[in-house]
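Here is the naming used below: chain letters follow the sequence lines, and residue numbers restart at 1 for every chain.
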Amino acid sequence: MFKHALLSAGTNAWRSLACSRSELRLDLTLGCGQSFRWRETGDGHWTGVMGGRVWTLTQTDDTLWYHTYSIPSATGEGDCRKRRAGAPILESKSSGKKVKGGMEVKEEEEEELLAVRTDLDRKEEVLLRDYFQLDVKLGDLYREWGAADPHFKHIANIFTGVRMLRQDPTECLFSFICTSNNHISRIQGMVERLCQSLGTLLCHLDQTSYHDFPSLSALADSSVEACLRDLGFGYRAKFLQQSARQILDSHGGPLWLQGLRTASYLQARDALRTLPGVGPKVADCVCLMSLDKACVVPVDTHVWQIAKRDYSCIAGSGKKSLTDKVHQEIGDFFRQLWGPYAGWAHSVLFCADLKKFQKLKEMPSLKQEEVNSDIKAEVEGKKTKIIKTLR
DNA sequence: ACTTTACCTTA
DNA sequence: AAGGTAAAG
């Protein structure tokens with residue numbers, strides 16, 4: 001039986017990317033309710049499914065480490081990845097050179113294997129860089145947001161590295177249909193059960209099974225509503241099945257969703273809102289988190305509170321509920337404040353307001369360092385004073 | 001354009 | 001009530 005990978009067992013089975021904690025914090029980015037598919041499976045180790053593979057991620061000061069698990073598959077696509085089990089293939093290749101004659105064929109095979117390996121490795125690195133959008137320099141954005149917004153600057157000292165994921169549009173859409181009138185812990189359970197019952201099994205790790213997110217056709221089947229009601233989805237069961245059906249029947253399939261990446265924000269939002277269970281909030285989340293609309297600020301009751309409490313934003317202050325107009329006004333307010341990546345900035349504040357991260361505000365490591373360096377400076381000052389008086 | 005009500009569960 | 005949406009008034 002396979003286990004979740006641990007970096008402390010040695011770096012052999014891992015690959016890495018240069019990436020500082022100010023550019024990415026796994027705990028915050030993966031735990032703030034953008035994706036509902038990641039779990040902390042070991043200290044600082046996060047395991048989840050992305051791009052049809054199972055990943056474990058962890059980080060040290062300047063490095064992002066990743067491990068993928070080989071997936072038994074009929075197509076054979078996954079199985080040539082047993083490479084990680086033994087010694088690095090580079091080594092066995094050089095030792096193979098000593099052998100003469102009949103071994104040349106084997107060497108060729110190994111070269112081929114090596115080629116396959118580097119090809120897959122490249123693919124995985126590309127996948128990961130794309131998922132975390134690592135080409136976007138978060139440090140630069142934080143500086144810009146902080147310069148424009150003192151409250152952001154204050155929060156940003158503690159909540160560094162909160163980054164927008166670039167999720168699969170299908171997964172993002174159907175996950176967020178589940179979020180209405182709901183809380184994160186229940187949503188996580190629902191999405192997990194959704195994948196478990198309708199998604200392809202990928203592998204088992206320490207008695208946990210990992211499944212891919214269900215395909216549109218799996219979600220569209222007429223048996224799905226009853227199935228999901230049994231799994232505790234409530235009234236959302238019908239929305240999920242109907243939205244999948246509608247995308248297949250009247251839009252031709254997943255390419256339609258993908259295609260919204262190149263559409264304008266308003267086009268994409270309005271297209272999504274034709275689906276059952278998709279209102280302004282869910283449509284905005286899908287636009288921001290999977291359709292490359294970085295300026296979108298999804299406005300929920302929570303963000304409305306933040307706008308009123310921390311920004312004295314008067315938009316919709318006379319209103320009882322979030323009307324379309326208030327959504328618009330609050331979104332515009334934050335866009336004006338933060339600029340074209342306003343949606344990314346919003347996720348930092350959203351994250352900082354989550355109950356589960358409140359403890360970070362009390363004894364934050366970074367602030368502690370600041371205090372320590374202040375004390376050090378003070379001590380240094382006293383030392384020189386004392387030295388002076390002694391003379 | 002805006003408010004109200006019902007909708008499924010679970011905490 | 002919880003990170004809403006749809007339908008009716």
Side-chain angles (χ1 to χ4, degrees), chain A residues 28-38 159 162 164-165 167 171-194 197 224-247 269-290 296-310 313-332 334 342-358:
Chain A
L28 302 179
T29 302
L30 264 21
C32 70
Q34 295 182 54
S35 166
F36 303 98
R37 298 272 278 149
W38 296 92
F159 292 87
V162 181
M164 193 54 55
L165 300 173
Q167 300 186 64
E171 170 169 341
C172 190
L173 170 62
F174 288 90
S175 297
F176 274 90
I177 289 177
C178 299
T179 63
S180 77
N181 204 2
N182 211 347
H183 44 267
I184 290 184
S185 61
R186 184 177 168 216
I187 300 164
Q188 282 184 336
M190 284 165 62
V191 173
E192 189 172 317
R193 293 196 293 282
L194 180 72
S197 56
V224 163
E225 183 186 345
C227 170
L228 294 182
R229 274 197 179 265
D230 285 340
L231 293 174
F233 279 64
Y235 60 85
R236 304 166 196 84
K238 191 196 288 266
F239 290 156
L240 292 166
Q241 191 271 330
Q242 288 185 156
S243 281
R245 180 86 274 152
Q246 194 170 314
I247 292 172
R269 188 198 59 184
D270 293 343
L272 291 169
R273 284 195 59 172
T274 64
L275 301 169
V278 181
K281 197 306 194 137
V282 170
D284 276 354
C285 284
V286 178
C287 282
L288 172 64
M289 301 174 187
S290 72
V296 176
V297 178
V299 180
D300 53 34
T301 52
H302 209 161
V303 171
W304 195 18
Q305 295 313 309
I306 292 175
K308 288 192 284 198
R309 185 192 65 206
D310 300 330
C313 177
I314 45 113
S317 50
K319 303 290 191 300
K320 278 279 185 183
S321 61
L322 279 169
T323 62
D324 270 13
K325 197 175 165 196
V326 179
H327 271 100
Q328 180 71 29
E329 285 176 8
I330 298 191
D332 288 345
F334 283 123
W344 288 51
H346 133 279
S347 77
V348 178
L349 293 193
F350 185 86
C351 180
D353 241 45
L354 289 175
K355 187 177 279 179
K356 63 166 147 178
F357 293 133
Q358 290 313 298

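If you take NE2 of H302(A) and P of dA2(C), they are 9 Å apart, rounded to a whole angstrom. Rounded to whole Å, the distance from CG on L354(A) to P on dG3(C) is 9 Å. The separation between K319(A) atom NZ and dA1(B) atom C1' is 9 Å, rounded to whole Å. As rounded to whole Å, 16 Å separates atom P of dT5(C) from atom CD of Q242(A). In this structure, the NZ atom of K356(A) is 16 Å from the C1' atom of dA11(B), given to the nearest Å. Atom C1' of nucleotide dG4(C) and atom CZ of R273(A) are separated by 11 Å, given to the nearest angstrom. Distance CG (D300(A)) to C1' (dA1(C)): 14 Å, rounded to an integer number of Å. Following rounding to the nearest Å, D284(A) (CG) and dT5(C) (C1') show an atom-to-atom distance of 14 Å.
Contacts of P280(A) with the nucleic acid, taken as non-hydrogen atoms under 4.0 Å apart, involve only primed sugar atoms and P, OP1 or OP2. Among the atoms of the strands shown, only primed sugar atoms or phosphate atoms (P, OP1, OP2) are found under 4.0 Å from some heavy atom of G277(A). Nucleic acid contact class of V278(A) (heavy atoms, under 4.0 Å, all strands): sugar-phosphate only. Base contact: R236(A) has a heavy atom under 4.0 Å from a base atom.
Side chain of Q34(A) to backbone of L165(A): a donor-acceptor contact under 3.5 angstrom is found. In terms of modelled atom types and a separation under 3.5 Å, the side chain of R236(A) and the main chain of S180(A) share a donor-acceptor contact. Side-chain atoms of K356(A) come within 3.5 Å of backbone atoms of G31(A) as a donor-acceptor pair (strictly under, hydrogens ignored). In this structure, Q246(A) contributes its side chain and T274(A) its backbone to a donor-acceptor pair below 3.5 Å. In terms of modelled atom types and a separation under 3.5 Å, the side chain of Q242(A) and the main chain of A237(A) share no donor-acceptor contact. Checking side-chain atoms of S175(A) against main-chain N and O of C172(A) turns up no donor-acceptor pair under 3.5 Å.
With ring centers used as reference points, F36(A) lies under 6.0 Å from F176(A).
When the P atom is compared between dC8(B) and dA8(C), the two are found 15 Å apart, to the nearest whole Å. Annotation: dA7(C) and dA1(B) have their C1' atoms spaced 16 Å apart (nearest Å). Straight-line distance between the C1' atoms of dC7(B) and dA1(C): roughly 15 Å, to the nearest whole Å.
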Strand DNA chain B in bracket notation, Watson-Crick/G-U under 3.5 Å with | for pairs to another chain: .||||||.||.
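Which of dA6(C), dT3(B), dC7(B) sits closest to the side chain of F239(A) comes down to dA6(C). You'll find that the side chain of S321(A) is closest to dT4(B), out of dT5(C), dT4(B), dG3(C). Nearest nucleotide to the K320(A) side chain, out of dG4(C), dC2(B), dT3(B): dT3(B).
Rounded to the nearest 0.5 Å, atoms CG (D230(A)) and CD (E225(A)) are 10.5 Å apart.
Of the residues in residues 176-188 of chain A, those lying under 4.0 Å from DNA chain B by heavy-atom distance are N181(A), H183(A), R186(A).
Side-chain polar atoms of D324(A) and Q328(A) form no donor-acceptor pair below 3.5 angstrom.
Closest-nucleotide positions on DNA chain C for P276(A) and Q34(A) were compared, and the one nearer the 5' end corresponds to Q34(A).
In this pair, F239(A) and Y235(A) present their aromatic rings perpendicular. The plane angle is above 60°, beyond the 30 to 60° band.
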